Structures are given as C-alpha cells and as structure tokens.
Amino acid sequence: RPEQTIGDAVAMAVTLDGAAAGLARECGATRFMALAAGLAVALHEATGQTDICLGTDVADRRHAAAEGLIGFFANQVVLRLDLARNPTPRALMGRVRAATLGMFAHQHVSADRVLAGLPPIRAKITWQPAPAVPVTLAGCSVEWPDASPAAIPFDLLVNLVGAADG
C-alpha cells in the first residue's frame with residue numbers, strides 16, 4: 001500500500017431494504033451490524049478473504065463518571081468477521097452480532113494488541129445514528145477536519161449516517 005492513499009471520495013445512499021432490516025431484527029442485530037455484514041460480504045467478494053478486519057471507533061464512556069464529561073472520548077477497536085464456510089445470511093448476521101458484542105465488551109483493549117499477528121486493517125467503518133447538525137458557538141469558529149483521500153490512512157473508509165427520519 002502506498003504511503004498516502006490516493007483516490008476519489010464517493011458518496012452514495014445505502015438503505016437497508018425490508019428483507020435485510022427484517023433479518024437484522026429477527027437476529028437481534030442493529031443497523032450498524034447489518035451494514036457491517038454487508039460491507040464484509042462486499043470485501044470478501046472483492047478480495048476472496050474470509051477473515052475480514054474492520055476498524056471502527058467506540059465512545060469510551062463505560063464508566064458512569066465519564067458520562068458527564070465534555071469532550072471526545074473514543075477508542076479505535078477491531079471488528080473481526082469470519083466469512084469462512086460460506087455462511088447463510090442468518091448465520092452471518094449471528095456471527096457479526098456476536099463479534100460486535102464481543103468488540104464492545106473488550107473495547108478497553110488497544111487495537112494494537114488485538115491486531116498483533118493479524119493482517120493490517122485496510123477498511124474502517126463508522127456509524128453516526130443521525131445526520132450532523134451545524135454547530136454554532138458564541139465567539140468560536142468550528143471547522144471540520146480535512147477528509148480528503150490523502151488524509152485517510154485506510155484503503156476504504158465507510159461513514160454511515162442514519163437518516164433524519166430514523
């Protein structure tokens with residue numbers, strides 16, 4: 001992989017259709033889990049790999065004392081998905097759900113420790129349940145960080161944002 005990622009950013013709308021949303025509900029999975037499963041299948045189809053590692057961020061607010069603090073607390077964690085033996089959609093959803101819950105249970109473990117001996121993370125998936133609202137603070141200016149392809153240290157970055165209507 002080159003030192004800097006070079007390429008174009010692409011934005012597209014992705015919707016969970018009735019069947020996928022229904023399967024997620026039946027399996028006790030969230031929209032994030034269902035979309036992560038879809039991304040894993042797409043990466044498997046593109047690469048032939050069955051051990052898919054996705055980086056993602058979690059808010060590190062496990063302790064009640066941290067809930068009232070202002071600031072960005074996040075840990076980079078690894079969602080490792082097993083697509084071996086060609087799982088059915090229901091089996092895959094179960095695997096993704098179990099892996100995601102395990103990831104949350106161990107979010108305090110650094111990604112570097114989890115990744116020891118694994119292939120490097122080349123894809124990152126993020127989830128924002130609702131669209132961002134403009135931020136205005138009296139006497140302050142707010143700027144979003146550079147999100148040009150050269151600033152993204154992954155081959156693929158997928159930012160998922162929920163629709164305003166849920």
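Note that this is a predicted model, so its numbers are computed, not measured.
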**Asked** Is there a path of hydrophobic side-chain contacts, each under 4.5 Å between heavy atoms of I, L, V, M, F, W or Y residues, that connects L23 with V41?
**Response** no

Review item, side-chain donor-acceptor pairs of residues 84-93, under 3.5 Å, at least two apart:
from	atom 1	to	atom 2	distance (Å)
T88	OG1	A91	N	3.1
R90	NH1	E26	OE1	3.2
R90	NH2	E26	OE1	2.9

**Close side-chain approach of D51 to R80, heavy-atom, < 4.5 Å** = yes

**Request:** Report the residues that fulfil side chain to side chain contact (heavy atoms under 4.5 Å, CB included) with A98, sequence neighbours left out, ordered by chain and then residue number.
**Result:** none

**Asked** If we only count heavy atoms from C-beta on, is the F104 to V77 side-chain gap below 4.5 Å?
**Response** no

**Item:** Pairwise side-chain contact, L101 with M33, heavy-atom cut-off 4.5 Å (strictly under)
**Value:** yes

**Item:** Separation between CZ of F32 and CG of L79, rounded to the nearest 0.5 Å
**Value:** 6.0 Å

**Item:** side chain to side chain donor-acceptor pair (under 3.5 Å): pairs with one or both residues in residues 38-48, sequence neighbours excluded
**Value:** none

**Closest non-hydrogen atom pair, A40 against L83** = O-CD2, 3.7 Å

**Prompt:** So, for A36 and L81, which heavy atoms are closest and what is the spacing to 0.1 Å?
**Reply:** O-CD1, 4.1 Å

**Asked** Roughly how far, to the nearest 0.5 Å, is CG of L54 from CG of L43?
**Response** 6.5 Å

**Prompt:** Are the side chain of R95 and the backbone N or O of D82 linked by a donor-acceptor pair below 3.5 Å?
**Reply:** yes

**Message:** Tell me if a side-chain donor or acceptor on R97 pairs with a main-chain N or O of G28 at a distance below 3.5 Å.
**Reply:** yes

